[in-house]
Each structure stands twice: as structure tokens, then as C-alpha cells.
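Quick notes on the structure that follows.
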Protein chains: 2
Amino acid sequence: MELTTAEENYLKAIYHLSEEGKKSVATNDIAAEMKTKPASVSDMLRKLGEKEVIEYRKYYGLQITESGKRFALQTIRKHRLWEVFLVEKLNFAWDEVHEVAEQLEHIQSPLLIQRLDAYLNYPKFDPHGDPIPDEFGDVRARPRVQLNEMEIDQTGQIVAVKDSSAAFLRYLDKVGAYIGARIKVLDKVEFDGSLEILVDQKKTLFMSKDVSANILVQQS
Amino acid sequence: MELTTAEENYLKAIYHLSEEGKKSVATNDIAAEMKTKPASVSDMLRKLGEKEVIEYRKYYGLQITESGKRFALQTIRKHRLWEVFLVEKLNFAWDEVHEVAEQLEHIQSPLLIQRLDAYLNYPKFDPHGDPIPDEFGDVRARPRVQLNEMEIDQTGQIVAVKDSSAAFLRYLDKVGAYIGARIKVLDKVEFDGSLEILVDQKKTLFMSKDVSANILVQQS
DNA sequence: TTTTCAAATTAGTCTTGGCTAAAAATATGT
DNA sequence: ACATATTTTTAGCCAAGACTAATTTGAAAA
């Protein structure tokens, strides 16, 4: 069975929205994510239901099926492999890759992905620190915490971001909080939850709670 | 102005069909090339005419405009750069690349193509020996040689004739050695300089030195 | 329990890019 | 020159994927 580009994008959005704890995903949320209208989403849900990549009972919400998860993970795998390629081989900045990868992920050629994976030396994480599913859809996740949940004097390494908008990534780049940076929490203001952190043992940096909640750290 | 994927494909086909000498391209030929029906082609020609990438007078044929040529060459450039990438970096065989490149050529990102070009070291020819237009659409043509000066196993494309008498052209037409034919030198007889050549990967043909000295080939 | 409201779905329309069948225009043969 | 054949275009239809407007449904408040 084959999915269209639009179907792949919807399924990916549904997969991501499912991950965040909730068992059922709202039509409105999908519409927001896809930048379409709820009416268009209803239509697509019916189609995805017919293709059995989601289990859909109208007005009651939906659940992604095992088959659907495999499709979504396959698309995510392609997206993240292309991101690695763009950064490692073509010297893209890590905040420039998303849009292009969004297009490249829909190229249909199993051989291409297999060869690309080998060429990149079977990477396990993309430039944002997100894990790359293997060809069977398995992921090795790293245990992570949000930076704002860390306590004073705790240390770790930035491994991913939650908000990967270009604006946010540019901000992080500017202040030197790149993926892989070693950080230490120097101070935490109880009042507003803002943090003072030390980056790579040299630069200190002041960060609001909103920003720190979007940074994922692997503690050490 | 932006072209859709379908429009890019039509324009590329029209560009290729135009190159082969004729000033006007037939609807039926485009349909054959695109594997669609003539009715669909008529429709698309109207749209391409409105976008002024071709000059279209119905029932009378069409001509590609300068603007159209630039679009077509841009697409061809992308296609051939991706072919080089697939062969040189991902170890595809030269006959496995076309379908994938056909998809990759529609990725929209000037930066991507610029970086890819640099990464591949600004190649001038694709794996099939076809020239890669530069970012302005200029092609560096391969130097031409007389067919009788070529060696065994060399390949190329017939680009011109020295003697353009009707009799000679009729002869060439009869044996299938038209302008644009891809040829390969299979054997060369030292004694009289006569040649055995393969035309378009299917027909073999014997040719005297006198004849071959009047045929100009662009090597690839 | 009813009423009210927000979320979701349906109905109907649009555009793109296909198709078939029919009509129109050009080309060809006698 | 005229009849026939071929090519091309038009007309009308279909599917995907978007939209707006209207309707239905489930949930929340009175």
C-alpha cells in the first residue's frame, strides 16, 4: 500500500501529536499543526481510516495503528537522515535544514535511503539530537529531562530541542547553546523559574523558563 | 514566477524535443514523451502559454521562449547534479539513477543546489556524459571531433556534418545516423580507416573513412 | 435534565492534472 | 479540388486536497 505525500504529512503530524501522552488526538490540533482547516482534516481522517493507518470513529477521536506507526517512523527516518546529510556533508546550519528535509523526506526509493544511511555511517541521531529510527522503525531514545527541571549544580549535555522553529534555533546558535554543548546550572530564580547556566565551562548565560523548557538535556 | 512539478516536467520534455533541430514541437510527441494523452497536453500548453514559457498558437505548434529555456535548463541542471551525486557518492549504477533523479530534480531550494554543486566539485558532465548547465543556464559543450578521429570504445553524439549535400544527408538518414544520434566506436580497421559503430545502443553500422570524416561528434 | 457551546462533520465549490468522446482544423491522396 | 485521414482542441467528467458555510454531535453549564 502506498501513501500520498499529503497522507504522509498528516500521519507524521498525528504520530507526533500522539506521542505527547494523550491517547486521542483532536481534529483542531491536527489542523493547527498542518496549517489547514478542520474540515480538510476530517476528510483526510476518513481516508486514513480506510487505509487502516489510523483507527477512526467520527466525533470520538482517533488512534494511530501499528501499521500507521511504521509508516510515520519511515518518514521520520528519511527526514532525519536527510538532515544529517545536509549538515554533515553540505554544511547547512542546523537551523536551515528543516524546510528542505521536509521536501526530501517524500522521495520514494528504498535503495536511496539504504545507500544514504550507509554513506552517512548509520547515524543514530539527527543534528537536533533526535533519534533516527532504523529501517524497522526501532529507536534508541536517550533518557532526557527538560532544562528547566534541573536543579542548581546539576550538569549535562544538550541533546535536543522541543521547538525547532528557525527563530528558536537561531537564538540558540547565537547564544552558543548548540546540540552537544555541556552545561551546568549555576543558579535558578524561584520567582520566575529563570536559569543561569554555564556553557562549555566558559560562557555564562541567562535563560527564561520558557526557553529552558524547550531544551532537552541528557544528565551526567 | 513558480512552476508546478507537472509544468516543469512538460517544459523539460518540450526543451528536449525542441533541441532536435525542428522549430515546432508536435502535441502528439509531447504526449508520447510524457506518457499522457494529447488532450491533456493541449490543456497544459494553454497554461504554459499563459505563463509565457512557451509561445503557443493553437493548431500551429509552439516555441519555447527564452524564459522557458531558463526554467528547463535549471531543471536539467538539478537532474544531472543529482545523477552525479547518486553515482559518485552513493554508488548507484549509471542506469539506476534516472528515476530517482527524476524525483530529486523537483526539490525547491537554490541553496541546496548551490551546496550540492560545490560538494561534487562543480562537475561539468553527468554520468551519461551530458553537460550540466551552470546556474545561469550556460553549458560548456564538449569539443567536437571528426568521427574518423575517434578511437575504439569512445562514445559521443552526432552534432553536425561537414558535407551537407542532399545525397549525403539522405544516406545518413537511411542508415539511421541522424543528428543527435548517440554513437560508440566498436571497431576500427587500420588498413582503410573504416569504422564499425553502434548507433543508439542498438544498431551496428559499417562506415568508410570518407563518410566518417564528414561527421562531427561531440564526445562524452 | 435541559440548554448552550465548542468541536467535528457534511455539503458543496475550487484548482490541478489526468481521462474519454466529440468536434474542429490541418494534412494528405486521388 | 475535394474527400478522407490525422492531428489537435474542446467539452465534460473524475480524484485529490484544499476551502467556506451549514449542520450535527458530544461535552459542559445552568
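Quick note on labels: first sequence line is chain A, next is B, and so on, each numbered from 1.
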Practice task
Let me know, please, whether A26(B) or E7(A) comes out on the 5' side of the other along DNA chain D by nearest nucleotide.
Solution key: A26(B)
Exercise for the section: From the options V87(B), D126(B), V84(B), L90(B), select the one residue that forms a side-chain contact (heavy atoms from CB on, under 4.5 Å) with V97(B). Expected result: V87(B)
Practice task
Would you indicate what A6(A) reaches in the nucleic acid, counting non-hydrogen atoms under 4.0 angstrom: base, sugar-phosphate, or nothing?
Solution key: sugar-phosphate
Problem - salt bridge (charged side-chain N to carboxylate O under 4.0 Å, His left out) involving E102(A) - partner list, sequence neighbours excluded - result: K12(A)
Exercise for the section: Using the ring of F125(B) (Phe, Tyr or Trp, six-membered ring only), decide whether R80(B) places NZ or CZ under 6.0 Å from its centre and within 45 degrees of its axis. Expected result: no
Exercise for the section: Run the numbers on N9(B) and E105(B) for side chain to side chain contact (heavy atoms under 4.5 Å, CB included), then give the verdict. Expected result: CA-CA 10 Å; N9(B) 283 331; E105(B) 75 188 7; 3.4 Å; yes
Practice task
Figure out the CZ/C1' separation between R57(B) and dA25(C), and round it to whole Å.
Solution key: 14 Å
Practice task
Within residues 28-37 of chain B, find the residues that approach DNA chain D with a heavy atom at under 4.0 Å, and present them sorted by residue number.
Solution key: N28(B)
Exercise for the section: On DNA chain D, reading 5' to 3', which nucleotide is the first and which the last to sit with an atom under 4.0 Å from a heavy atom of chain A, could you check? Expected result: dA16(D) to dG26(D)
Fill in the blank from the handout: In whole angstroms, the gap separating P of dT10(C) from CZ of R46(A) amounts to 8 Å
Exercise for the section: Carefully, step by step, assess E7(B) and K47(B) under the rule salt bridge (Lys or Arg N to Asp or Glu O under 4.0 Å). Expected result: CA-CA 9 Å; E7(B) 287 168 342; K47(B) 289 178 205 165; over 6 Å; no
Exercise for the section: In plain terms, say whether K69(A) and E66(A) are close enough for a salt bridge, that is, a side-chain N and a carboxylate O under 4.0 Å apart. Expected result: yes
Practice task
Map Y59(A) and T4(A) onto DNA chain D by nearest heavy atom, then report which one ends up closer to the 5' terminus.
Solution key: T4(A)
Handout entry: Spacing between E50(B) atom CD and dT16(C) atom C1', to the nearest angstrom
Key = 13 Å
Completion exercise
With the side chain defined as heavy atoms from C-beta on, Y60(B) is closest, among dG18(C), dA8(C), dT26(C), to dT26(C)
Handout entry: S42(A) side chain near dT10(C) phosphate (N/O to OP1/OP2, under 4.0 Å)
Key = no
Exercise for the section: Would you please classify the geometry between the Y119(A) ring and the F85(B) ring as parallel, tilted or perpendicular, with 30° and 60° separating the classes? Expected result: perpendicular
Practice task
Check whether any side-chain N or O of K58(B) sits under 4.0 Å from OP1 or OP2 of dA24(C), and answer yes or no.
Solution key: no
Exercise for the section: Describe the nucleic acid contact of T27(A) in one word from base, sugar-phosphate, nothing, applying a heavy-atom distance below 4.0 Å. Expected result: sugar-phosphate
Exercise for the section: Run the salt-bridge test on D134(B) and R77(B) with the 4.0 Å N-O cut-off and return the result as yes or no. Expected result: no
Exercise for the section: May I ask you to establish whether R115(B) and F92(A) are in a cation-pi arrangement, using a distance under 6.0 Å from NZ or CZ to the six-membered ring centre and at most 45° from the ring axis? Expected result: yes
Exercise for the section: For A39(B), answer base if it contacts any base atom (sugar-phosphate contacts may also be present), sugar-phosphate if it contacts only those atoms, and nothing otherwise; contact means non-hydrogen atoms under 4.0 Å. Expected result: base
Practice task
Answer yes or no: does a side-chain N or O of K47(B) lie under 4.0 Å from OP1 or OP2 of dG17(C)?
Solution key: yes
Handout entry: Atom-to-atom span, CG of D43(A) to P of dT15(C) - whole angstrom
Key = 18 Å
